[in-house]
Amino acid sequence: MESTESSYVSSPEAARKRSSPPPRSPTSENGEKATYIRFLVSNAAAGSVIGKGGSTITDFQSRSGARIQLSRNHEFFPGTSDRIIMVSGTVDEVLKVMELILAKLLNELNIEETDDVEPRTKVRLVVPNSSCGSIIGKGGATIKSFIEESQAGIKISPQDNNGLNDRLVTLTGTLDEQMRAIELILANLSEDPHYSQAMHAPFLYAGVLFSHGIPHAYMLPSVATATYNSMSYAPSGAGGKFPNPKEDRSNSITIGVSDGHIGLVLGRGGRNIMEISQVSGARIKISDRGDFMSGTTDRKVTITGSQRAIRQAETMIMQKVANTTQRVMA
């Protein structure tokens with residue numbers, strides 16, 4: 001992928017000769033906007049971010065106010081062997097937690113600094129295709145200004161022709177240079193309505209689903225496109241909306257819900273799941289006891305219907321779990 005990337009790169013040699021990066025801009029109204037960033041890390045780095053028993057990720061979330069989510073072990077961004085981290089919150093919270101994460105990962109690389117030159121590393125952001133144009137700007141003007149101001153090297157991968165809706169934005173530089181580039185890019189993306197809207201929608205790859213309000217402290221639920229013979233709840237009654245049979249066959253996802261939380265999804269006498277099915281118009285199946293997502297203790301919850309119905313049902317399921325979990329933690 002490196003050889004075919006659209007490259008907008010500042011010279012590392014020139015960067016080393018420059019003075020230290022300019023100070024970051026003071027907090028503005030943008031600092032209060034809700035936003036997110038997704039980026040890639042190795043499996044080992046993901047473990048460092050989580051920490052023993054989740055201690056590091058809990059600490060970072062507490063110190064920054066941001067939320068951190070990771071794809072599961074062995075669930076990688078397409079074409080890589082890297083896991084996906086999504087951090088969300090206000091702009092200021094996201095910048096704070098990004099600095100905490102990148103500083104920790106840099107510290108664990110044990111790179112020896114020579115001649116007072118700070119180590120230059122890479123971080124790869126995942127950005128929707130629809131938002132890359134605003135980063136590049138007319139004739140590359142915007143991205144060139146970002147390179148000049150941050151002193152970081154910036155590369156944007158070419159658009160994928162296999163249906164992938166995201167591109168990788170690789171930032172190369174010292175920690176300060178990377179953080180300045182991230183700040184500039186995030187400020188730009190926060191003004192993009194397409195990017196902001198995408199924060200509230202699932203980000204679906206083969207094997208990975210990003211969703212807000214998940215029942216796990218920091219793990220993202222797995223997804224498959226299989227159908228399981230188990231309890232099935234379909235919309236019924238005058239208030240229900242029956243999905244198109246063709247849509248039923250072509251749209252189906254399976255998410256993992258902790259075995260301990262499955263009762264919250266079902267509700268007393270199946271009340272909750274029937275309500276979700278009727279309101280969304282989706283058909284929902286829950287796997288039998290002991291039938292878990294591979295390598296987990298999460299029950300399989302398969303949602304079938306139109307894309308709209310699936311999104312609404314998935315959101316309602318996660319809200320049922322998240323709301324109850326928050327009440328318990330309060």
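As the structure is a prediction and not an experimental result, all values here were calculated from the model.
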Pairs in or reaching into residues 52-64: which pass salt bridge (Lys or Arg N to Asp or Glu O under 4.0 Å), with residues at least two apart or in two chains? D59-R63
Side chain to side chain contact (heavy atoms under 4.5 Å, CB included) filter on I310, not counting sequence neighbours, yields N251, I253, I303
Determine, using the 4.5 Å side-chain heavy-atom cutoff (strictly less than), whether F292 and I317 are members of one ILVMFWY cluster. no
R283 backbone acceptor or donor facing S277 side chain under 3.5 Å: no
Are the side chain of Y195 and the backbone N or O of Y36 linked by a donor-acceptor pair below 3.5 Å? yes
Using the test side chain to side chain donor-acceptor pair (under 3.5 Å), find all partners of D82 that sit at least two apart in sequence or belong to another chain. R124
With no hydrogens and no angle check, do the side chains of S150 and E177 hold a donor and an acceptor under 3.5 Å apart? no
Keeping the roles fixed (side chain from S190, backbone from A187), state whether a donor-acceptor pair exists under 3.5 Å. no
I'd like to know whether K320 forms a salt bridge (charged side-chain N to carboxylate O under 4.0 Å, His left out) with E275, so could you lay out the CA-CA distance, the side-chain angles of the two residues, the decisive distance to 0.1 Å, and finally the verdict. CA-CA 11 Å; K320 290 285 186 186; E275 175 192 6; 3.5 Å; yes
Looking only at atom types and distance, does a side-chain atom of Q159 sit under 3.5 Å from a main-chain N or O of N129, one as donor and one as acceptor? no
Applying side chain to side chain donor-acceptor pair (under 3.5 Å) to S42 and not counting sequence neighbours gives none
Is there a donor-acceptor pair under 3.5 Å between the side chain of T172 and the backbone N or O of T121? no
Any heavy-atom pair between the side chains of K122 and T170 that's under 4.5 Å? yes
Can you tell if the side chain of F39 reaches within under 4.5 Å of the side chain of V169, non-hydrogen atoms only? no
With sequence neighbours excluded, tell me which residues meet side chain to side chain contact (heavy atoms under 4.5 Å, CB included) with T56. F60, K104
Looking at T58 and G54, would you say the former's side chain and the latter's main chain have a donor-acceptor pair under 3.5 Å? yes
Looking just at side-chain N and O atoms, do Q312 and R308 make a donor-acceptor pair shorter than 3.5 Å? yes
Using a distance-only test with no angle check, is there a side-chain donor-acceptor pair under 3.5 angstrom linking D298 and S258? no
Which residues pass the side chain to side chain donor-acceptor pair (under 3.5 Å) test with D259, sequence neighbours left out? R299
How far apart are the C-alpha atoms of S48 and E108, what are their side-chain angles, what is the distance that settles it, and do they pass the side chain to side chain donor-acceptor pair (under 3.5 Å) test? CA-CA 9 Å; S48 296; E108 294 188 355; 2.6 Å; yes
Just how far is it from atom CD1 of I143 to atom CD of E148, taken to the nearest 0.5 Å? 13.5 Å
Candidate pair E183 and R180, rule salt bridge (charged side-chain N to carboxylate O under 4.0 Å, His left out), full reasoning: CA-CA 5 Å; E183 183 177 10; R180 181 58 180 152; 3.1 Å; yes
Donor-acceptor pair, N272 side chain versus L264 backbone, under 3.5 Å? yes
Tell me if a side-chain donor or acceptor on Q61 pairs with a main-chain N or O of I68 at a distance below 3.5 Å. yes
